[in-house]
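Index from 1, following the sequence. Just the heavy atoms: all of them, side chains too, but no hydrogens, waters or symmetry mates, feed the values below.
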Amino acid sequence: LLFHLLLILLVHFSEGLAAVMINDKLGYINKQGQIVIPPTFDSAYLFLEGLAEVAINDKWGFINRQGQFVIPPTFDFASSFSEGLAAVMINDKWGFINKQGQFVIPPTFDDAYSFSEGLATVEINDKWGFINKQGQFVIPPTFDDAYSFSEGLATVIINDKWGYINKQGQLIYGNLD
């Protein structure tokens with residue numbers, strides 16, 4: 001499975017660039033196959049919103065399309081930017097930074113997914129809920145698992161039962177009882 005995910009990553013273009021592995025390091029090529037960012041990274045992901053999260057020596061940061069760090073590699077893990085914010089982990093807690101690398105939502109969550117449709121899925125005390133861009137819960141953490149909103153709905157799971165909720169947390173379809 002890991003090889004399959006790595007293969008998808010290495011063949012997928014985003015914002016005109018794709019990550020490639022050369023001699024166990026990752027860099028980026030353009031659609032003509034030219035190396036435009038030399039392979040110097042231990043891990044590298046897609047460019048989204050003009051930045052890509054990359055790792056060097058087990059620390060994550062963000063580079064621009066010229067390969068320059070705009071947010072230094074200081075995080076334990078990072079996810080892509082979405083809606084202007086990126087989830088990052090530091091000291092085993094997740095928070096959200098802006099494109100200047102400043103925390104706009106402090107690292108207080110046990111896990112976090114990217115923002116989608118104005119809300120991010122976050123975990124605290126083994127329960128998942130949804131926060132807004134101010135870090136406030138708009139749907140309390142009551143779910144055993146939860147996924148990002150898409151087309152106004154999010155999949156949630158309680159006791160192995162699943163359903164779809166709207167942005168007000170109301171069950172639209174499924175059985176969570």
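For Asn175, the CG atom is densely surrounded, since the number of other residues' heavy atoms within 6.0 Å is greater than 12.
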Given Ile71 and Phe81, is the side-chain contact (heavy atoms from CB on, under 4.5 Å) satisfied, shown in steps?
-> CA-CA 12 Å; Ile71 300 172; Phe81 272 90; 3.9 Å; yes
Check against side-chain contact (heavy atoms from CB on, under 4.5 Å), Asp145 and Val156 | CA-CA 6 Å; Asp145 209 347; Val156 294; over 6 Å; no
Does the ring pair (Phe, Tyr, Trp, His ring centres under 6.0 Å) test come out yes or no for Trp128 and Tyr113, once each step is laid out?
-> CA-CA 10 Å; Trp128 291 86; Tyr113 297 134; 5.0 Å; yes
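Formation of a donor-acceptor pair under 3.5 Å by the Asn98 side chain with backbone atoms of Gln100 is found in this model. Formation of a donor-acceptor pair under 3.5 Å by the Asp42 side chain with backbone atoms of Asn57 is found in this model. In this structure, Ser79 contributes its side chain and Ala87 its backbone to a donor-acceptor pair below 3.5 Å. Remark: the backbone N or O of Ser148 is not paired with any side-chain donor or acceptor of Ser116 at under 3.5 angstrom. No donor-acceptor pair under 3.5 Å is formed between the side chain of Gln102 and the backbone N or O of Ile97. Glu123 contributes no side-chain N or O that, together with a main-chain N or O of Phe109, makes up a donor-acceptor pair within less than 3.5 Å.
Hydrophobic clustering (side-chain heavy atoms under 4.5 Å, transitive across Ile, Leu, Val, Met, Phe, Trp, Tyr) groups Val70 together with Val104. By the rule that hydrophobic residues join a cluster once side-chain heavy atoms approach within less than 4.5 Å of another member, Phe77 and Phe62 end up as members of one cluster.
Counting only heavy atoms from C-beta outward, the side chains of Lys59 and Asp76 approach each other to under 4.5 Å. Side-chain contact between Phe13 and Ile29 is present, with heavy atoms from C-beta onward closer than 4.5 Å. A 4.5 Å side-chain heavy-atom check between Leu26 and Met21 finds at least one atom pair inside the cut-off. You'll find the side chain of Ile165 stays beyond 4.5 Å of the side chain of Ile172, heavy atoms only. Using a 4.5 Å cut-off on side-chain heavy atoms (C-beta onward), Tyr28 and Ile63 make contact. At least one side-chain heavy atom of Ile35 sits under 4.5 Å from a side-chain heavy atom of Ile22. Residues Leu85 and Lys133 have side chains in contact (heavy-atom distance under 4.5 Å, counting atoms from C-beta outward). Leu153 has its side chain within reach of Asn166: a pair of non-hydrogen atoms, C-beta onward, lies under 4.5 Å apart.
Applying side chain to side chain contact (heavy atoms under 4.5 Å, CB included) to Pro141 and the options Ile124, Asp126, Val122 leaves one that passes, Ile124. For the ring pair (Phe, Tyr, Trp, His ring centres under 6.0 Å) test with Phe96, the passing option among Phe103, Phe115, Phe75 is Phe115; the others fail.
Counting all heavy atoms, side chain and backbone alike, Glu49 lies closest to Glu83 at OE2-N, 2.6 Å. The shortest heavy-atom contact between Gly163 and Leu171 is CA-CD1, 4.0 Å. Among all heavy-atom pairs drawn from Val88 and Ala78, the shortest one is CG1-CB, 3.9 Å.
Looking at Ser80 and Glu53, their side chains do bring a donor and an acceptor atom within 3.5 Å of each other.
Ring pair Tyr164/Tyr173 is tilted by interplanar angle, where 30° to 60° counts as tilted.
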